[in-house]
Amino acid sequence: SKIIRDSYKELDISELPPGEVLQTSWNGELIFIRRLTPSEVQQHEAATPNQLLDNESKPFLSTATAGNSTMLVCSAVCTHLGCIPVPYLGAYKGWVCLCHGSVFDKYGRVRQGPALRNLPGINNTEYSGILCIEEMVFPNEPSLTYYFNEVEKGFWGFGVLGFWGFGEI
Ligand code: FES
């Protein structure tokens, strides 16, 4: 199928306590959802670029804050060789990947290798306790342009057939 199944997911996170992590699946892959407290957000925003191994990919925080907290959604697949990191461990109490020892902070940013890339962030928005997770881009889904082109072709085809039809009468 050209359309990715489950590329949009709603989740009731109203019961998820501040500071806690939830592991679930989305779009065929495991993901983490972490409810960050304001002090965790402050602490992690204070990190300077030279403390981070990957300064290119940015964490995806909810555009709306969930009560007095902020939601982070990221992939649960280690960017080294694909193990599932364990939450609440390590110097940053984010995640540690026990396979080879990569350390991630609570924003999913890698702080110690061998992984060199952050846990990829996933677009999300929070509406009164409901977290909506979706892709920003749908690479495999037919775009509107595709549909418009098809519709346009349909009109042209009908026009040509109509012309032939009338011509023969
Ligand atoms: Fe995570 Fe190697 S797979 S550190």
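We use all heavy atoms of the structure for the numbers below, so side chains are in, but hydrogens, waters and symmetry mates are not. When a ligand or atom number is given, it counts from 1 through the structure's own listing order. Nothing here was measured: the structure is a model prediction, and the numbers come from that model.
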Do any pairs count as a salt bridge (charged side-chain N to carboxylate O under 4.0 Å, His left out) and have a residue in residues 14-30, sequence neighbours left out, and if so which ones?
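Residue pairs passing salt bridge (charged side-chain N to carboxylate O under 4.0 Å, His left out), neighbours aside: none found.
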What's within reach of atom 1 (Fe) of ligand 1, meaning protein N/O/S atoms under 2.8 Å?
C78 SG, C97 SG
Taking atom types as modelled and ignoring hydrogens, do the side chains of Q51 and T48 form a donor-acceptor contact shorter than 3.5 angstrom?
yes
Is it the case that the side chain of R34 and the backbone of L72 share a donor-acceptor pair, with hydrogens and angles ignored and the cut-off at 3.5 Å?
no
What closest approach, in Å, do I122 and I31 show between heavy atoms, and which atom pair accounts for it?
CD1-CG2, 3.3 Å
With ILVMFWY side chains joined below 4.5 Å, transitively, what does V96's cluster contain besides itself?
V86, L89, Y92, L98, V103
Nonpolar side-chain network containing L81, other nodes, edges under 4.5 Å:
none
